[in-house]
Amino acid sequence: MPEKIQAVKGMNDILPPDSARWEWFEDTVRALMRRYGYLNIRVPIVEPTPLFVRSLGEVTDIVEKEMYSWTDAMNGDELTLRPEGTAGVVRAAAEHSMLYDGGKRLYYMGAMFRHERPQRGRYRQFHQVGVEALGHAGPDVDAEVVLMCRSLWRDLGLSDVRLELNCLGQPAERRAHRDALVAHFEAHRELLDAEAQRRLHSNPLRILDTKNPAMQALVEAAPRLMDYLGDESLRHFQGLCGALDAAGQAYRVNHRLVRGMDYYSLTVFEWITDRLGAQGTVCGGGRYDGLMELVGGKPAPGIGWGLGIERVLDLVQQSGHAPPPPVPDVYAVVPDAAALPVAVQVSEALRAAGVAVLMHAGAGSMKAQFKRADASGARWALVFGGSELAQGVVAVKPLRDDAAPQVTRPLADVAAWAAELLHR
Ligand code: ATP
Ligand code: MG
């Protein structure tokens with residue numbers, strides 16, 4: 001026997017009935033986007049590698065070690081499976097001059113790929129929903145995108161997701177802070193771990209989000225970016241905080257929140273939970289006013305977030321209110337081959353009238369068919385028995401309500417009685 005082929009490690013199949021939770025989640029997201037006026041954008045899963053190197057920055061976890069990149073054997077192009085959604089959306093916006101007539105509010109859903117060590121909440125193929133509000137300088141839109149997440153948690157029945165915020169200021173402010181930061185870390189060089197040593201001059205800001213317990217005290221004592229911000233950045237941050245206060249949204253200002261990507265400016269935020277163990281960040285986002293220009297477009301501000309669907313659905317499973325998987329309204333029992341043409345015809349007419357009909361496939365005894373009907377969860381069995389068909393009717397047998405009587409309904413004019421089968 002040939003060896004069994006298995007899925008790639010860290011890349012999961014999503015099977016029924018779990019897939020029903022995914023569909024419910026996606027429907028919930030689409031309804032949310034409609035309420036906030038965000039339009040769907042779909043960009044390729046493969047992009048030129050330089051897009052991510054340029055936009056994420058060379059000294060980031062993603063670009064340093066997590067990307068699935070290869071050289072196209074046909075033409076030598078350097079290509080990468082997208083590790084995140086923002087770069088592709090901003091590339092598309094620039095490529096198609098999408099902002100020529102004003103700002104755009106966009107959202108996407110789809111698979112992302114990162115070569116990480118698989119564990120709970122961390123996979124090699126995972127899925128994100130993200131929004132990007134392009135062409136709006138904020139802070140009004142900053143508050144809008146943050147509050148959209150709150151609405152989503154509510155729609156999903158989630159509590160226990162909290163908000164952390166920071167302001168990364170503008171490049172010049174970050175440079176001044178960076179010098180102070182490097183001086184601070186250099187003065188305590190012996191306390192830096194290998195990764196921090198390596199990042200000391202390439203990306204010292206990232207040292208702030210180290211998870212190494214031995215470095216926590218050092219990092220807590222580091223100079224705060226907030227203290228290097230000018231009036232304009234502070235006003236922007238206060239504008240966001242004021243809007244969140246007015247909306248009754250609590251938050252914690254986390255001075256060490258810097259996020260993984262280089263492209264952020266001003267607002268950065270994360271939604272965090274304690275219910276998922278080590279992988280507690282369910283959603284991260286921020287403002288990236290320099291990104292459009294970086295990928296070759298006309299300069300334009302932007303802000304967005306990306307949310308890990310697996311992590312959110314893990315939370316939903318623990319504490320949310322996902323509806324049960326859908327069941328058919330009707331199971332069609334077909335006692336013999338002679339009944340098949342009528343059964344097909346009636347089933348099609350019912351489906352056209354909006355009734356969910358699961359038709360028995362593959363013949364079999366009545367007993368076996370009723371067993372299937374029962375297992376399907378359907379409320380009714382339609383039984384296309386020979387004597388009923390001879391009288392021009394079909395038997396409608398309730399499967400979930402023992403007290404309800406079995407009735408017959410005419411084969412003609414199905415639409416007239418289809419409505420009574422609908423599960424409401
Ligand atoms: P982490 O610190 O957990 O690695 P990140 O900063 O790399 O997260 P982002 O790039 O901001 O994550 O992606 C946004 C969201 O996507 C995360 O908050 C998380 O919910 C989800 N996510 C990121 N990487 C993975 C992964 N490998 N598997 C599953 N979900 C992920
Ligand atoms: Mg990561």
Side-chain angles (χ1 to χ4, degrees), residues 7-12 14 22 25 29 51-53 55-57 59-68 80-90 107-132 145-146 148-149 152-153 156 158 160-166 168 195 199 203 205-212 254 256-264 267-288 291 302-318:
V8 175
K9 189 174 170 214
M11 305 201 181
N12 300 316
I14 300 161
W22 283 72
F25 173 81
V29 166
L51 174 67
F52 299 114
V53 176
S55 62
L56 300 174
V59 194
T60 51
D61 285 345
I62 293 180
V63 171
E64 278 182 335
K65 53 192 184 203
E66 295 174 359
M67 295 205 304
Y68 285 93
T80 292
L81 285 178
R82 65 181 182 194
E84 58 91 50
T86 302
V89 170
V90 169
Y107 82 93
Y108 59 84
M109 285 195 245
M112 307 293 161
F113 302 84
R114 296 184 193 178
H115 201 284
E116 303 199 67
R117 193 169 65 79
Q119 54 197 289
R120 181 183 180 186
R122 194 174 292 288
Y123 310 100
R124 291 180 176 174
Q125 174 175 333
F126 64 102
H127 299 79
Q128 285 187 341
V129 175
V131 303
E132 315 295 348
V145 298
V146 169
M148 287 176 88
C149 298
L152 183 60
W153 313 143
L156 297 173
L158 298 179
D160 295 340
V161 190
R162 59 176 199 277
L163 176 63
E164 296 199 346
L165 289 182
N166 196 10
L168 298 185
E195 186 173 81
R199 292 203 155 143
N203 196 348
L205 204 56
R206 289 299 314 282
I207 298 176
L208 293 178
D209 73 358
T210 177
K211 287 169 181 123
N212 183 351
N254 176 356
R256 291 173 50 187
L257 180 60
V258 294
R259 307 227 3 96
M261 292 85 165
D262 268 2
Y263 55 53
Y264 287 110
T267 306
V268 286
F269 60 91
E270 288 187 346
W271 287 91
I272 299 167
T273 179
D274 296 322
R275 288 175 175 257
L276 293 179
Q279 269 59 249
T281 305
V282 291
C283 175
R287 177 163 283 286
Y288 45 80
L291 185 56
I303 183 168
W305 47 254
L307 155 172
I309 300 181
E310 283 83 357
R311 292 187 196 177
V312 171
L313 288 185
D314 192 344
L315 268 185
V316 165
Q317 209 167 5
Q318 286 182 48

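Order of listing sets the numbers, starting from 1, for every ligand and every atom in it.
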Exercise. Against heavy atoms of V282, which atoms of ligand 1 measure under 4.0 Å?
Worked result: 18 (O), 20 (O)
For this session: For ligand 1, note which part of R122 has a heavy atom under 4.0 Å away: side chain, backbone, both or neither.
Result: both
Exercise. Is any N or O atom of Q279, backbone or side chain, closer than 3.5 Å to an N or O atom of ligand 1?
Worked result: no
For this session: Flag the pair R199 and D61 as a salt bridge only when some basic side-chain nitrogen lies within less than 4.0 angstrom of an acidic carboxylate oxygen.
Result: yes
For this session: Would you check whether L307 has a nitrogen or oxygen atom less than 3.5 angstrom from a nitrogen or oxygen atom of ligand 1?
Result: no
Exercise. Sequence neighbours excluded, which residues qualify as side chain to side chain contact (heavy atoms under 4.5 Å, CB included) partners of Q317?
Worked result: R21
Problem set entry | Heteroatom proximity flag, T281 to ligand 1, N/O under 3.5 Å | yes
For this session: Could you tell me how the ring of W22 sits relative to the ring of H127: parallel (under 30°), tilted (30 to 60°) or perpendicular (over 60°)?
Result: perpendicular
For this session: Output the list of atoms in ligand 1 that are nearer than 4.0 Å to some heavy atom of G121, sorted by atom number.
Result: 28 (N), 29 (C), 30 (N)
Exercise. Is there any N or O on G306 that sits under 3.5 Å from an N or O of ligand 1?
Worked result: no
Exercise. With side chains defined as the heavy atoms from C-beta onward, is the minimum distance between V161 and C283 less than 4.5 Å?
Worked result: no
Exercise. Do D209 side-chain atoms and V258 backbone N/O form a donor-acceptor pair below 3.5 Å?
Worked result: no
Problem set entry | E84 to ligand 1, any heavy atom closer than 4.0 Å | no
Exercise. Is any N or O atom of Y123, backbone or side chain, closer than 3.5 Å to an N or O atom of ligand 1?
Worked result: yes
For this session: Check each heavy atom of E270 against ligand 1 and say whether those closer than 4.0 Å belong to the side chain, the backbone, both or neither.
Result: neither
Problem set entry | Numbered atoms of ligand 1 (with element) below 4.0 Å of G308, judged on heavy atoms | 15 (C), 16 (O), 20 (O), 21 (C)
Exercise. Do W271 and W153 make the cut of ring centroids closer than 6.0 angstrom?
Worked result: yes
Problem set entry | Sequence-distant partners of Q318, side chain to side chain contact (heavy atoms under 4.5 Å, CB included), two or more places apart | R120, R275, L276, D314
Exercise. Do I309 and L307 have side chains that get closer than 4.5 Å, going by heavy atoms?
Worked result: yes
Exercise. Is there a heavy atom of R311 sitting under 4.0 angstrom from any atom of ligand 1?
Worked result: yes
